[in-house]
Amino acid sequence: MNATSGGSEAVRWSEAVAPWDQEAAWSRTLALTTSEDMARGLFLRGTLKAVRALGDESLVARSTAACGQTGFLEFFNYPASVLLRLLAEAVPSLAQRHGDVAHALWLLGNCVGRDFLDSESGRAMCQLLRREAKRLMNHLPAAYQLSLTGTRAVQWLGPQHCRFVMTHDVLPAAFHEGLLVALLEHMDTRRIHVEGVQTGPLAREFDISWR
């Protein structure tokens with residue numbers, strides 16, 4: 001994981017909230033979602049698999065009970081609130097197992113990224129991109145749109161350096177950091193740097209570079 005830097009308005013969600021306030025933080029994010037905010041079943045399945053891999057079956061059972069779903073259809077869209085309730089239940093326990101909230105979120109995102117790469121959709125995407133990181137970054141806004149409601153944009157700062165901007169995104173920056181690292185590691189890259197900050201209630205920016 002990369003250290004987070006930035007001013008008072010640019011802080012990592014999981015560092016801005018004390019551990020005992022995590023429930024309130026998830027509730028505030030839930031309150032900002034609407035009935036139009038959706039998450040694809042493939043993404044939810046990957047998240048649940050990550051909870052199983054990083055936790056155990058009892059945590060999976062508690063998480064599915066909390067979100068009101070026992071399983072997810074790959075190409076079906078679910079309310080984003082389902083994803084948030086699943087994570088709100090799982091993350092505190094995973095944070096105890098893996099050191100802190102930020103690291104647990106990073107690991108969850110990393111597992112979800114690797115699970116996507118193993119899927120039929122992920123393999124097709126990698127074949128299309130020919131393991132080129134720049135192609136990946138240019139493709140990511142559209143790929144994200146198929147998984148989660150929100151808007152993403154890439155701002156190029158150099159040949160191997162960009163800013164990835166997310167607006168109306170419901171997940172903490174640390175989760176996306178882990179996911180982005182998993183995707184970039186699958187490309188022809190070295191010395192990957194992914195550093196995310198929260199710039200608003202549902203806004204995140206990521207400084208991304210590689211060699």
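Side chains are part of it too, since the values below use all heavy atoms of this structure and drop only hydrogens, waters and symmetry mates.
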- Message: Are Val51 and Leu108 packed together at the side-chain level, in the sense that at least one heavy-atom pair is separated by less than 4.5 angstrom?
- Response: yes
- Message: Side chains of Phe116 and Leu179, heavy atoms from C-beta outward: is any pair under 4.5 Å?
- Response: no
- Item | Gap between atom NE2 of His168 and atom OG1 of Thr34 - 0.5 Å precision | 5.0 Å
- Message: Looking at Lys49, I'd like to know if its NZ atom is crowded, meaning that more than 12 non-hydrogen atoms belonging to other residues, nucleotides or ligands lie closer than 6.0 Å.
- Response: no
- Distance-only donor-acceptor check, side chains Ser93 and Arg62, under 3.5 Å: yes
- Mark yes when over 12 heavy atoms from residues, nucleotides or ligands other than Gln155 sit less than 6.0 Å from its CD; otherwise mark no. yes
- Query: Would Arg123 and Asp118 pass as an ion pair if we require N to O under 4.0 Å?
  - Reply: no
- Task: Establish whether Met137 and Leu148 are linked, either directly or via other cluster members, by ILVMFWY side-chain heavy-atom contacts under 4.5 Å.
- Result: yes
- Query: Under the side-chain contact (heavy atoms from CB on, under 4.5 Å) criterion, do Glu185 and Ile192 qualify, and how do the steps go?
  - Reply: CA-CA 8 Å; Glu185 284 180 339; Ile192 296 167; 3.6 Å; yes
- Item | Within one Ile-Leu-Val-Met-Phe-Trp-Tyr cluster: Leu84 and Phe76, side-chain cutoff 4.5 Å | yes
- Query: Under 4.5 Å between side-chain heavy atoms, hopping through other hydrophobics if needed: is there a path connecting Leu146 to Met166?
  - Reply: no
- Note on the structure: In terms of heavy-atom contacts, Glu74 and Arg45 come closest through CB-NH1, 3.4 Å
- Side-chain touch Leu107/Leu94, heavy atoms, less than 4.5 angstrom: no
- Give the ring-plane orientation class for Phe43 versus Phe175, where under 30° counts as parallel, over 60° as perpendicular and anything between as tilted. tilted
- Task: Search all heavy atoms of Ala50 against all heavy atoms of Val112 and return the closest pair with its distance.
- Result: CB-CG2, 4.3 Å
- Note on the structure: In terms of heavy-atom contacts, Ser209 and His161 come closest through CB-CD2, 4.0 Å
- Roughly how far, to the nearest 0.5 Å, is SG of Cys126 from CE of Met187? 4.0 Å
- Is there a donor-acceptor pair closer than 3.5 Å between any side-chain N or O of His176 and the backbone N or O of Gly109? no
- Would you say Val82 and Phe72 make side-chain contact, with heavy atoms under 4.5 Å? yes
- Trace of the side-chain contact (heavy atoms from CB on, under 4.5 Å) decision for Thr167 with Leu202: CA-CA 6 Å; Thr167 55; Leu202 295 178; over 6 Å; no
- Between CG on residue Leu83 and CG on residue Leu86, distance to nearest 0.5 Å: 6.5 Å
- Message: Is any side-chain heavy atom of Leu54 closer than 4.5 Å to one of Leu59?
- Response: no
- Test side chain to side chain contact (heavy atoms under 4.5 Å, CB included), reference Thr149, set Arg40, Met38, Glu36, output is Met38
- Evaluation steps, side chain to side chain donor-acceptor pair (under 3.5 Å), between Tyr144 and His139: CA-CA 9 Å; Tyr144 256 104; His139 180 74; over 6 Å; no
- Query: Are Leu42 and Phe75 side-chain neighbours, meaning at least one heavy-atom pair lies under 4.5 Å?
  - Reply: no
- Message: Does any part of the side chain of Trp156, heavy atoms only, come nearer than 4.5 Å to the side chain of Asn138, both counted from C-beta?
- Response: yes
- Message: Do Lys134 and Trp210 form a cation-pi contact, if we require the NZ or CZ to be under 6.0 Å from the six-membered ring centre and within 45 degrees of the ring's axis?
- Response: no
- Taking the side chain from Ser119 and the backbone from Gly122, do they hold a donor-acceptor pair closer than 3.5 Å? yes
- Item | salt bridge (Lys or Arg N to Asp or Glu O under 4.0 Å) between Arg204 and Asp169, worked out | CA-CA 8 Å; Arg204 298 89 172 85; Asp169 185 277; 3.6 Å; yes
- Note on the structure: Between the CG atom in Leu183 and the CG atom in Leu129, the distance rounded to the nearest 0.5 Å is 9.5 Å
- Message: Side-chain heavy atoms nearer than 4.5 Å, only ILVMFWY residues, links allowed to pass through others: does that put Val197 and Val165 together?
- Response: no
- Show the numbers, then the answer: is there a side-chain contact (heavy atoms from CB on, under 4.5 Å) between Arg85 and Leu30? CA-CA 8 Å; Arg85 290 191 173 96; Leu30 270 167; 4.1 Å; yes
- Item | More than 12 heavy atoms from other groups under 6.0 Å of CZ on Arg135 | yes
- Sort out for me which residue in Val170, Leu87, Leu171 forms a side chain to side chain contact (heavy atoms under 4.5 Å, CB included) with Thr29. Val170
- Item | CA sep, side-chain torsions, deciding dist, call: Met125, Leu136, side-chain contact (heavy atoms from CB on, under 4.5 Å) | CA-CA 9 Å; Met125 185 189 77; Leu136 168 68; 3.9 Å; yes
- Task: Would you name the heavy atoms of Ala173 and Gly196 that are closest together and state the gap between them?
- Result: CB-C, 4.0 Å
- Looking only at heavy atoms, the pair that brings Gly71 and Tyr78 closest together is O-OH, 4.1 Å
- Taking atom NE2 of His186 and atom CG of Leu117, what is their separation to the nearest 0.5 Å? 5.0 Å
- Provide the closest heavy-atom pair for Ala102 versus Ala174 in the form atom of the first, atom of the second, distance. O-CB, 3.6 Å
- Message: In the structure I gave you, are the side-chain heavy atoms of Cys111 and Trp106 within less than 4.5 Å of one another anywhere?
- Response: no
- Item | Between CG on residue Asp100 and CG on residue Leu105, distance to nearest 0.5 Å | 9.0 Å
